[in-house]
Amino acid sequence: MNTAVQDAVKQLYDIDVEVVLTRPEPQFGEYSTNIALQLAGRLQRNPREVASEIAERLKQSEAFAQAEVAGPGFINLRVSDQALYALADATARPLNEGVNYVIEYSCPNAFKELHTGHLYQTIFGDILARMIERSGATVHRTSFGGDVGLHVAKCLWGMVAEFGGIDAARLDAVESTPFERAAWISTMYVKGAAAYENDSDAKAEIDQLNVTIYGFHATNDRDSALAKLYWTTRQWSFDYFDAFYDLVKVDHMRYYPESATAPTGMGVVKEQLAKGRLKESDGAVVFEGDESKHLHTRVFVTSKGLPTYETKDIGVIWQEKADYNFDKRILITGNDQFEYMRVVFAAAETFRPELANTMTHLPHGTVRFGDGSKMSSRLGNVARAADVIDSVREKVRELVKDESQVESVTLGAIKYVFAKYRIGGDISFDIEETVSLNGNSGPYLQYAHARARSIMRKSTVEAADDVTLDESERSLLRKLSEYSEMTERATRELMTHHICNYLYELAQTFNRFYEKSHIVGDEREAVRLGLVRRYAATLADGLSLLGIEAPEQL
RNA sequence: GCACCCGUAGCUCAGUGGAUAGAGCACUGGUCUUCGGAACCAGGUGUCGUACGUUCGAAUCGUACCGGGUGUACCA
């Protein structure tokens, strides 16, 4: 359709322009263009005159039923009902046909529990992956976290202290579900962390333990007593991740543990040091920042010879590239890592120029609760992901009687609230609002779908299309016709909140239609049933993009 | 100090060059003898943080400032 306008401009003025059609307020029609305002300057003419010339030309085009000049020189375009049906039935263009993506998110550390930040990333990342897959791409979901390091040493120390010695057999007495095991490991961490702070002997032991743990990987020690304790509980962590991802019903990611990425990263560091792209400085290996680009200098290997997060991050990029040969890589992290990631990306692109323009970093804000507080692990009021889910489920139980639907509504509520904020800023998580049955929430849309399906079950006629729609019928079809454009935009911009805003507006439009238009038993039943059917299908499709179930009844 | 992000209605947020700046929540009143009322309609007194600038046109772009947050060499 924009090409129809481009052609008109070309014929009239012999100018090649890129025409962007926008969706104006409904009273102005389906599409609007400001092309005349842009051309007026170049042509040294009055914008309204230019607009009416273009509009005259467009009236002859088959693409539009109507073309009118409005305001300072906008051209408002209206399409036929028939064209509106075609738009409503159109599927989004496959923007990423054949493109190979890696999307890295969630990224929990082994030996720790997932908190709300992980929950947000897990859900947002999963939705993003769905959207991109839907646009024709191949998507590989990955995750990256620490299975070695000081936090692990604190944990192991805590276990040894708890057992009064190194005794892996004592693990048999620990509760056996993945969530209980993860919680137990957390208490061992707390024990170790406290000792590290307050007891200098313990601190020395833990620091030594840290080195020992790296050794388990280097020497592939799986049999010594301490190694058994480590490998067993490490596996417990991975089992817990799997159980958690099953609980929230997302696809699993491939986990890249730091123990594996560190050696890869160290190999790269060695190579790049020889090439002079990394420098030695005060005994450490650093990537020198570029002040003109405001890039910090960062340490890749410490003066003690240990790899930092930078090196491990380079290691993951190299491994993901080797495993999947991605065309595009998207990384989701908290926004506190924004500047840090700029340096890592700059280093990666310096080492391997072919990576330039293939990697995107999506930083997100903090999940904040109703009172505006940021839950802090230091203060002991950290919100574990599982606790958040539990408290939402409790609220849902008050409203949904059918126990078999509680889980679907619980997850719908949580996924929706995380998807509806534009990524980048903080996420305000108000539990009442999240579970609320009216307003812009997941449960509201699930209900909206169930209601539409109920109407469809009730009707016995054959659905039919009609090209002389009344006003409320047409406004619903018009809203439906925006769906594929909206999903394209959400995919292009990597922003899930467009989907939520649209679905909510769609439901509101439907409610207005439904208020005015009787369906079952009406003489226009067939036509209206066709619209209800499209509405239910669009709602279900949009919810499925968000990973939310669309129930038949609720 | 420098850099980045944020500042829009009482609250939570959309809108990032276009028409009278919009939603939800909350609050008030009303509609309909419910095809699932979890509905619909009506009601906003907003210095779009402030000031200058660019533009036919600025919440949106530029510059400076104010306020909040984050980052800034051996943590992740």
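Each chain gets a letter, A, B and so on, in the order the sequences are listed, and its residues count up from 1. Quantities reported herein were computed from a predicted structural model and do not represent experimental measurements.
Here, B:G53 and B:G17 have their P atoms 23 Å apart, quoted to the whole Å. Taking atom P on both B:C66 and B:G44, the two are 38 Å apart, rounded to the nearest angstrom. Look at the P atom in both B:G49 and B:U60: the space between them is 8 Å, to the nearest Å. Here, B:C52 and B:C13 have their C1' atoms 30 Å apart, quoted to the whole Å. Between B:C40 and B:C35, the distance separating the two C1' atoms is 16 Å to the nearest Å. One C1' atom belongs to B:G24, the other to B:A14, and the distance between them is 10 Å to the nearest Å. One C1' atom belongs to B:C5, the other to B:U16, and the distance between them is 15 Å to the nearest Å. When the P atom is used for both B:G30 and B:A58, the distance is 43 Å, rounded to whole Å.
Both thresholds, 5.5 Å between centres and 30° between ring planes, are met by A:H518 relative to the base of B:C35, so the two rings are stacked. B:A19 has its base stacked against the ring of A:F28, the centroids being under 5.5 angstrom apart at an interplanar angle below 30°. Remark: ring of A:Y504 does not overlap the six-membered base ring of B:G24 in a stacked fashion, as centroids less than 5.5 Å apart with planes less than 30° apart are not both met.
For A:S281 against B:A73, a side-chain-to-base donor-acceptor contact under 3.5 Å is present. A donor-acceptor contact under 3.5 Å links the side chain of A:S32 to the base of B:A19. Put simply, the side chain of A:Y447 and the base of B:G36 share a donor and an acceptor less than 3.5 Å apart.
For A:S428 and A:R342, each mapped to the nucleotide of RNA chain B holding its nearest heavy atom, the one lying further toward the 5' end belongs to A:R342. Summary of the strand contacts: A:G425 and A:D282 both lie near RNA chain B, and taking for each the nucleotide with the nearest heavy atom, the more 5' one is attributed to A:G425.
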Test log, rule salt bridge (charged side-chain N to carboxylate O under 4.0 Å, His left out), inputs A:E482 and A:K479 = CA-CA 5 Å; A:E482 293 171 18; A:K479 194 70 196 172; 3.2 Å; yes
Determine, step by step, whether A:R45 and A:E53 satisfy the side chain to side chain contact (heavy atoms under 4.5 Å, CB included) criterion, reporting the C-alpha distance in whole Å, the side-chain angles of both residues, the deciding distance to 0.1 Å, and the verdict.
-> CA-CA 12 Å; A:R45 297 187 46 199; A:E53 283 176 11; 2.7 Å; yes
Check against salt bridge (charged side-chain N to carboxylate O under 4.0 Å, His left out), A:R422 and A:E493 = CA-CA 10 Å; A:R422 183 192 172 100; A:E493 297 180 359; 5.8 Å; no
Side chain to side chain contact (heavy atoms under 4.5 Å, CB included) between A:L331 and A:F345: does it pass, once the steps are laid out?
-> CA-CA 11 Å; A:L331 170 67; A:F345 280 24; 4.2 Å; yes
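One atom, CZ of A:R368, and another, C1' of B:C5, lie 13 Å apart when rounded to the nearest Å. For the pair A:I75 CD1 and B:A19 C1', the interatomic distance rounds to 14 Å; values are reported in whole Å. In this entry the distance linking CD of A:E310 with C1' of B:C74 reads 9 Å, nearest Å. Atom OH of A:Y444 is separated from atom P of B:G24 by 9 Å (rounded to the nearest Å). Rounded to a whole Å, the CG atom of A:D290 is 15 Å from the C1' atom of B:U72. A:E505 has its CD atom 19 Å from the P atom of B:C13, to the nearest Å. Computed from coordinates, the A:D336 CG to B:G68 P distance equals 20 Å when rounded to whole Å. One atom, CG of A:L295, and another, C1' of B:A3, lie 10 Å apart when rounded to the nearest Å.
Listed nucleotides B:C56, B:A14, B:G15 differ in distance to A:H498; the shortest reach to its side chain belongs to B:G15. In the set B:C4, B:C40, B:U16, B:U16 carries the atom at the smallest distance from any side-chain atom of A:R489. Of the candidate nucleotides B:C35, B:A38, B:A3, B:A3 has the atom nearest to the side chain of A:E339. Among the nucleotides B:G18, B:C74, B:A73, the one closest to any side-chain atom of A:V286 is B:A73. Of the candidate nucleotides B:A76, B:A38, B:C2, B:C2 has the atom nearest to the side chain of A:H294. Of the candidate nucleotides B:G18, B:G36, B:A76, B:A76 has the atom lying nearest to any side-chain atom of A:N109.
No donor-acceptor pair under 3.5 Å is formed between the side chain of A:N335 and the backbone N or O of A:F338. In this structure, A:S459 contributes its side chain and A:M456 its backbone to no donor-acceptor pair below 3.5 Å. The backbone N or O of A:A419 sits less than 3.5 Å from a side-chain atom of A:T496, completing a donor-acceptor pair. With hydrogens and angles disregarded, a donor-acceptor distance shorter than 3.5 Å links the side chain of A:Y416 to the backbone of A:C500.
Among the heavy atoms of the strands lying under 4.0 Å from A:F338 are primed sugar atoms or P, OP1, OP2 only; no base atom is included. At the heavy-atom level, A:G439 lies under 4.0 Å from the strands shown only through sugar-phosphate atoms. At a threshold of 4.0 angstrom between heavy atoms, the contacts of A:E25 with the nucleic acid are absent. Note on A:P443: nothing from the nucleic acid sits closer than 4.0 angstrom, heavy atoms only. Using a 4.0 Å heavy-atom cutoff across all strands shown, A:A448 reaches no nucleic acid atom at all. Within 4.0 Å of A:Y340, counting heavy atoms only, lies at least one base atom of the nucleic acid. A:L554 comes within contact range of at least one nucleobase, with a heavy-atom separation under 4.0 Å. Here A:K312 lies in heavy-atom contact (under 4.0 Å) with sugar-phosphate atoms only. Within 4.0 Å (heavy atoms only), A:N76 reaches at least one base atom of the nucleic acid. In this structure, A:T434 reaches neither bases nor backbone, as no heavy-atom distance under 4.0 Å exists between it and the strands shown. In this structure, A:A70 reaches the bases: a heavy-atom distance under 4.0 Å links it to at least one base atom across the strands shown.
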With pairs defined as Watson-Crick or G-U wobble and both distances under 3.5 angstrom, please note down RNA chain B as a dot-bracket string, | for pairing with another strand.
-> ((((((((.[[[[.)..(...]]]].(((((.......))))).....[[[[[..)....]]]]])))))))....
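The phosphate of B:A39 (OP1 or OP2) has no side-chain N or O of A:R512 nearer than 4.0 angstrom. Contact between the side-chain N/O atoms of A:N440 and the OP1/OP2 oxygens of B:A23 is not found at any separation under 4.0 Å. An OP1 or OP2 oxygen of B:A38 is reached within less than 4.0 angstrom by no side-chain nitrogen or oxygen of A:Q446. Neither OP1 nor OP2 of B:C56 sits under 4.0 Å from any side-chain N or O of A:R48. Not one side-chain nitrogen or oxygen of A:K516 sits closer than 4.0 Å to the OP1 or OP2 atom of B:C41.
Note on A:D466 versus A:R524: salt bridge recorded, some NZ/NE/NH1/NH2 to OD/OE distance being below 4.0 Å.
Below 30°, between 30° and 60°, or above 60°: for A:F287 and A:F300 the angle between ring planes is between 30° and 60°, a tilted geometry.
Using a 4.5 Å heavy-atom cutoff, the side chains of A:P307 and A:V269 are not in contact.
With A:Y189 as the aromatic partner, A:K112 meets the cation-pi criteria of under 6.0 angstrom to the ring centre and within 45 degrees of the ring axis.
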